[in-house]
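Below is one structure, written out as structure tokens; the observations come after it.
In this text, all values refer to a predicted model and were calculated from it rather than measured experimentally.
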Amino acid sequence: MRLLLSLAISIFIFSCNHKNDEKQELPCSDAFSLINEEVIKHSEAYQNLQQATATIGHRLTGTENGNKAEEFVFSLFKKYGFSEVQYLPFEANSWLRLSVKTSINGDEIKTVSLAHTPVKADTTAQVIDLGSGLQSDFSRYSENIKGKIVLMNINTLFSDSSSMNLHRSEKTELAIKYGAAGVLFINGVPGEVLLTGTASVTGELIGIPAVCMSLESGNKLRERMVKGEKLQARIEMNNYSNKIMARNVVATWPGAEKSNEVIIIGGHLDSWDLATGAIDNGIGSFSIIDIARTFSALRLTTKRTIKFVLFMGEEEGLLGSKALVKKAKELGGISNITYMLNLDMTGNANGFNLYGRDEMMSFTDSICNIIKMIDSTFASNNSSSAGLHSDHQPFMLEGIPVLAPNSNMNKEVYNCYHSSCDHFELVNENDMVNNVRFVSMFLFALANTNTIPAKHFSENETQNFLIKHQLKEKLLLGKEWKWAVE
Ligand SMILES: [Zn+2]
């Protein structure tokens, strides 16, 4: 009953124009059917990603590969008929790994350097085990940390599984604050998997070395420490860093009625260098391009303007999205950004996370009910929890409503996050097709509804929102808290 009622309301609210039928108004469900058919028959998301990973390889920001990736997606937007495609250049600190050697009591163990670690380091110190590396662990060992190399999990320990984990960069920031000489991270994934990623909360180089070892190596070290053995670690590393230019790529689909209201659908194109970043974030960024292709192929009319944005520099600390938000503030366009949808490692969308904007729930449920009519396998798995550390963050901190599709992929896919197994073989073509058709439908509805329930927050409302969602501590550690600290 509730379903029937909400469907009736949705169809009444949404009128979806389609250019082939001048002036004839179509209900959303008709537009969704067109989208569905177009994507199932003609999606090129999987093939484009395959081509990019085969011909370019990784897409690390500021490298020749990164450059090639920017040009590759620019030409795809052009090929799909977008007349307004722009590069938005920004300056950043590049970081490249050269070599790393980590030894424990003289025996070498396999590690990878985390990004933004020093250009050169050779540090030897006693190892101290801080378990999950949460604030409570640092407080407990406070006096003993200075001058030591801290050992901690990337994930939380099983016994801490109820506490909210911190990002690796936040844990490293705590280590620096407590005077540690270096950081040894233990990965959470079994199978000798090494994880990279930034250790810096700002994207600037940090002063101490930080590396990641496998779960198996970490467990062995802990067994030795439990038996009372004192461990000395030596971390030698060489990295390279320089100022570089990178480019976000933006393709604009102009709105027909409310063209100054802009919906951004974005995701990061850049990847780490250990593999090809097929999952993080090839599946998200190449889905966005195919959503753009779908809108263009069907010549869909939308009330609002849509900007399809591929960010660079996300992995180094959201550099591209921060640059875009900064530019929009300087040019006075920030108030025009009505909504931001972020696709980061989104494959097989099965609903939407509203990031704490609960006022969007009934709208989202009603759209998802229409999607379910088109395809009954769509789970309509909607949720609302706010978090950090992807390209939605700079928008959220400006009070702009953000959301992301919820995603459902196999565990082995997630296990290759930031590691050397993030290759194209992990990508499932059907998942990408689902991603493109369901997110296209939702985006179409959002761009056409008369009134979007979530509005921009004022500075004060944003502050209260972040506190309510327990993000203040993390933002303080990340040096992103812009309000006074009492
Ligand atoms: Zn990512």
Side-chain angles (χ1 to χ4, degrees), residues 102-105 109 111 113-118 121-188 195 197-213 215 217-235 237 317 388-389 466-467 470-481 483-486:
T102 303
S103 30
I104 306 290
N105 290 354
I109 57 164
T111 58
S113 305
L114 296 195
H116 301 116
T117 43
D122 185 354
T123 303
T124 304
Q126 195 192 326
V127 179
I128 178 171
D129 187 356
L130 291 190
S132 301
L134 302 177
Q135 176 65 64
S136 52
D137 300 305
F138 279 91
S139 306
R140 194 171 334 129
Y141 292 99
S142 152
E143 293 308 309
N144 294 323
I145 296 168
K146 200 167 193 307
K148 307 263 172 62
I149 291 181
V150 297
L151 178 73
M152 51 190 171
N153 285 31
I154 288 276
N155 300 344
T156 49
L157 288 176
F158 186 67
S159 53
D160 283 333
S161 59
S162 58
S163 2
M164 202 195 277
N165 197 19
L166 293 174
H167 190 254
R168 77 189 92 79
S169 62
E170 294 160 349
K171 294 184 183 189
T172 308
E173 184 63 23
L174 282 172
I176 295 167
K177 237 174 85 180
Y178 280 83
V183 175
L184 297 170
F185 275 115
I186 303 174
N187 197 12
L195 178 145
T198 184
S200 163
V201 287
T202 59
E204 299 295 317
L205 292 195
I206 60 170
I208 60 171
V211 297
C212 178
M213 70 182 74
L215 177 63
S217 300
N219 287 343
K220 276 185 207 144
L221 291 192
R222 283 199 165 130
E223 276 167 27
R224 289 165 68 181
M225 291 175 91
V226 165
K227 285 182 187 152
E229 193 180 342
K230 289 253 178 290
L231 301 183
Q232 282 269 331
R234 180 177 181 187
I235 310 173
M237 56 167 54
L388 304 174
H389 300 297
L466 297 169
I467 292 169
Q470 295 171 16
L471 299 174
K472 184 178 174 181
E473 282 307 309
K474 292 177 175 220
L475 288 163
L476 278 169
L477 275 176
K479 300 174 184 160
E480 290 274 330
W481 185 256
W483 296 272
V485 186
E486 306 86 52

## Note on the structure
side chain to side chain contact (heavy atoms under 4.5 Å, CB included) filter on N155, not counting sequence neighbours, yields none
### Query
Are more than 12 heavy atoms from other residues, nucleotides or ligands located less than 6.0 Å from atom CD of Q232?
yes
### Message
Assess the residue pair V211 and L114 against the criterion (side-chain contact (heavy atoms from CB on, under 4.5 Å)); give the C-alpha distance rounded to whole Å, side-chain angles, the decisive distance to 0.1 Å, and a yes or no.
### Response
CA-CA 5 Å; V211 297; L114 296 195; 6.0 Å; no
### Message
So L174 and L166, do their side chains get closer than 4.5 Å, heavy atoms only?
### Response
yes
### Query
Considering only heavy atoms from C-beta outward, does the side chain of K230 approach that of Q126 to under 4.5 Å?
yes
### Message
Restricting to side chain to side chain contact (heavy atoms under 4.5 Å, CB included), what partner residues turn up for S200, sequence neighbours left out?
### Response
H116, T198, T202, I206
### Message
Which residues pass the side chain to side chain contact (heavy atoms under 4.5 Å, CB included) test with L476, not counting sequence neighbours?
### Response
K472, E473, W481, V485
### Task
To the nearest 0.5 angstrom, please state how far the SG atom of C212 sits from the CG atom of N187.
4.5 Å
### Verdict with reasoning, H389 to E170, per side-chain contact (heavy atoms from CB on, under 4.5 Å)
CA-CA 11 Å; H389 300 297; E170 294 160 349; 2.9 Å; yes
Can you give me every donor-acceptor pair (side chain of residues 141-154, partner residue at least two apart or in another chain, under 3.5 Å) with its distance?
| unit_1 | atom_1 | unit_2 | atom_2 | d |
| --- | --- | --- | --- | --- |
| K148 | NZ | N144 | O | 2.8 |
| N153 | OD1 | R222 | NH1 | 2.7 |
| N153 | OD1 | R222 | NH2 | 2.9 |

### Query
Taking the side chain as C-beta and beyond, is there a heavy-atom pair between I208 and I235 under 4.5 Å?
no
### Task
For E229, check side chain to side chain donor-acceptor pair (under 3.5 Å) against everything at least two apart and list the hits.
N105, R224
#### Entry: Distance, nearest 0.5 Å, that separates CD1 of I104 from OG1 of T111
9.0 Å
### Query
Between A181 and T123, which heavy-atom pair has the shortest distance, and what is it?
O-CG2, 3.6 Å
### Query
Atom CG in L157, atom CG in D137: separation rounded to 0.5 Å?
7.5 Å
### Task
For K171 and V183, run side-chain contact (heavy atoms from CB on, under 4.5 Å): C-alpha distance rounded to whole Å, both residues' side-chain angles, the deciding distance at 0.1 Å, then the answer.
CA-CA 9 Å; K171 294 184 183 189; V183 175; over 6 Å; no
### Message
In the structure I gave you, are the side-chain heavy atoms of L221 and M213 within less than 4.5 Å of one another anywhere?
### Response
yes
### Task
Measure the CG-CG distance between L466 and L388 for me, rounded to the nearest 0.5 Å.
8.0 Å
### Query
Which residue pairs satisfy the side-chain hydrogen bond (donor to acceptor under 3.5 Å, both in side chains) criterion with at least one member in residues 172-186, sequence neighbours excluded?
Q135-Y178, E173-K479
